[in-house]
Structure formats: C-alpha cells, structure tokens
Amino acid sequence: KPPRIKDTANISDIAFHPSEYILGSGNLDGYVKLHRCVPDSLNEQLAKVRVSKESCRCTTFTANGKGLLVMTADKFMRCIDVETGKVNRSLKNAHTSSPYSILTIDTNLVASGDEDGELKIWDLRKSSEAVLCEKQFEDYISDIAVDKKRRLIFATSAGGTVATYNARQRKCQMLSDNLECEVMAG
C-alpha cells in the first residue's frame, strides 16, 4: 500500500494525467503539486510550485499531458510544464469572477466556468482571448463535461440548469428548464 499524499493545506482539486501515472493537485494556499503515483510503488513528488497567494480553484491536464492548467481565485489561468514543474504560461483576468471549473475539451480547446455562471472556451493556440464567452446561468458553473466525439460541451449550474454548447460552432445549442434542485458535480 503506497503512502498517503500529504499536504499542509486542504486540497481544492485534483486532475489525472491522460496517459501517465501522474496526479496534479491544487490547494487552498495557492500551491500546485505533481506526484507520480505508480500502482504498487511509492509516491514521488515531482514538483511543487506556488502559483498564487490565493487558492487554486480547479485543475485539468492538457490533452497531450505536457501541461497542467490551473485556475486560481485571483482569476488567473496558468499552465504548469509537467516536465520542468514551472509556470510556462499565465493569463491574467481569465474570468471576471472567480473560476469554479475547468475541463480540457481536445488538443486545442479548454472550457472554464466561473461563479457568476459564465462559460468560456479557450483555444490554446491563440493568445489570451477566449473564443467563446457565454453567460447562460445565474449561479456558478458546478461542472463541465464533453461527449466522446469532443463536439458537445455540457455545463451544469448550481441553479439547477444544464446547457449544451457546440465546441466547433462555439455557441450554446440548448438550455434546460430549471430542474428545481441543485445540480452538483459528482
């Protein structure tokens, strides 16, 4: 049984590498850690970097696994190079309110949602501007998912609604009625 991964602050989010036994985590003190977690082996910390004085809110690996994207309460999106453990890209004011969720859609696209219900889609090949900014929700975006073909993005809101976005056409296709219950990540 491998030893536990310990942190001095509460871990706020984790992400699993798409092809290797690497776990990325962000904590409430603004630190990101990368651990190699091979079954039947000891855990090894690969990197520890402070990305913000504020808390890490959400994390996701890039599709090729070379980067770990981290969004922090100060509205930054940063990319940590998995090989070097250093920040290699930083985007200030990625959202107007604190980010809440993030998901890699495909090789180039990433979706993120914030506390005010705005969803953004980012093309990692382009500069700092989102290729889609949509505010369909009154409450925070609690989770984001994508279909197997990587064409449809689903976002849930704590306000009880679900929206479907077309990743290629970059627009909202459907918004559900209020489900009269909170839709939470599960």
Side-chain angles (χ1 to χ4, degrees), residues 7 9-16 18 23-33 51-63 67-80 90-106 109-124 128-186:
D7 206 319
N10 290 339
I11 295 173
S12 55
D13 198 25
I14 61 171
F16 293 96
L23 173 73
S25 65
N27 74 23
L28 296 180
D29 287 343
Y31 283 93
V32 171
K33 292 183 181 180
V51 295
S52 177
K53 291 182 180 177
E54 296 192 36
S55 65
C56 295
R57 301 296 302 269
C58 46
T59 59
T60 189
F61 278 95
T62 57
L68 177 69
L69 296 169
V70 180
M71 297 194 85
T72 52
D74 56 5
K75 304 174 191 98
F76 271 84
M77 179 168 37
R78 293 179 176 90
C79 185
I80 312 299
S90 188
L91 175 61
K92 186 177 182 179
N93 296 319
H95 279 270
T96 54
S97 69
S98 289
Y100 200 88
S101 53
I102 189 169
L103 180 72
T104 297
I105 304 305
D106 62 20
L109 299 178
V110 174
S112 61
D114 69 20
E115 287 183 345
D116 286 341
E118 183 176 48
L119 180 98
K120 290 189 176 187
I121 298 178
W122 307 90
D123 188 331
L124 299 177
S128 60
E129 295 297 317
V131 295
L132 171 79
C133 299
E134 286 264 343
K135 186 169 178 354
Q136 297 291 334
F137 304 113
E138 296 301 316
D139 212 336
Y140 65 91
I141 295 179
S142 56
D143 202 10
I144 303 169
V146 65
D147 72 327
K148 287 184 180 182
K149 293 182 179 179
R150 308 256 178 228
R151 292 189 183 145
L152 298 176
I153 300 167
F154 305 93
T156 60
S157 168
T161 53
V162 178
T164 305
Y165 300 87
N166 186 305
R168 302 294 177 248
Q169 295 174 352
R170 296 183 170 97
K171 67 179 184 177
C172 183
Q173 287 191 308
M174 185 184 317
L175 183 64
S176 75
D177 291 332
N178 187 306
L179 301 175
E180 300 198 21
C181 66
E182 287 194 6
V183 179
M184 303 297 286

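Note that this is a predicted model, so its numbers are computed, not measured. Throughout, residue positions are numbered sequentially from 1 according to the sequence presented.
Scanning for salt bridge (Lys or Arg N to Asp or Glu O under 4.0 Å) contacts around D123 gives R125, R170, with sequence neighbours left out. Under the rule for a side-chain hydrogen bond (donor to acceptor under 3.5 Å, both in side chains), S55 has no partner lying at least two apart in sequence or in another chain. Listed by chain and residue number, H17 satisfy the ring-ring contact (aromatic ring centres under 6.0 Å, His included) test with F61 (two or more places apart in sequence, or in another chain).
Salt bridge D106/R168: present, at least one basic N to carboxylate O contact under 4.0 Å.
In terms of modelled atom types and a separation under 3.5 Å, the side chain of S98 and the main chain of A73 share a donor-acceptor contact. D29 contributes no side-chain N or O that, together with a main-chain N or O of Y31, makes up a donor-acceptor pair within less than 3.5 Å. Of the possible donor and acceptor atoms, one in the side chain of D147 sits under 3.5 Å from a partner among the backbone N and O of L152. A side-chain donor-acceptor contact under 3.5 Å links S142 to the backbone of T156. The main-chain N or O of I105 is found under 3.5 Å from a side-chain atom of R150 such that the two form a donor-acceptor pair.
Contact annotation: the side chain of C56 approaches that of V32 to within less than 4.5 Å [non-hydrogen atoms, C-beta and beyond]. Between F154 and D143, every side-chain heavy-atom pair lies at or beyond the 4.5 Å cut-off. You'll find the side chain of C133 reaches within 4.5 Å of the side chain of E118, heavy atoms only.
In plain terms, the two heavy atoms of A63 and P18 that are nearest each other are O-CG, 3.5 Å. Of all heavy-atom pairs spanning I153 and A167, the tightest one is CD1-CB, 3.8 Å. Summarising the geometry of S52 relative to R78, their closest heavy-atom pair is CB-NH1, 4.0 Å, with the distance given to 0.1 Å. For the pair P99 and M71, the tightest heavy-atom approach, listed with the atom from each and the gap, is CG-CB, 3.6 Å. When all heavy atoms of S176 and T161 are compared, the closest pair comes out as OG-CA, 3.5 Å. Nearest heavy atom pair, residue T59 against residue G26, reads CG2-N, 4.2 Å.
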**Test side-chain contact (heavy atoms from CB on, under 4.5 Å) applied to T62 and L124, step by step** = CA-CA 9 Å; T62 57; L124 299 177; 4.2 Å; yes
**Request:** Kindly indicate, with the supporting measurements, whether the criterion side-chain contact (heavy atoms from CB on, under 4.5 Å) is fulfilled by L175 and F137.
**Result:** CA-CA 9 Å; L175 183 64; F137 304 113; 3.9 Å; yes
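Residue Q173 places its CD atom among more than 12 non-hydrogen atoms of other residues, nucleotides or ligands, all under 6.0 Å distant.
Here the OG1 atom belonging to T96 is positioned 7.5 Å from the NZ atom belonging to K75, to the nearest 0.5 angstrom. Rounding to the nearest 0.5 Å places CD1 of I141 at 5.5 Å from OG of S101. Rounding to the nearest 0.5 Å gives a distance of 9.0 Å between OG of S90 and CD1 of I80. Note that CE of M77 is 15.0 Å distant from NZ of K92, once rounded to the nearest 0.5 Å. Distance CH2/W122 to CG/L91: 4.5 Å, rounded to 0.5 Å. C172 SG to E134 CD: the interatomic distance, rounded to the nearest 0.5 Å, is 5.5 Å.
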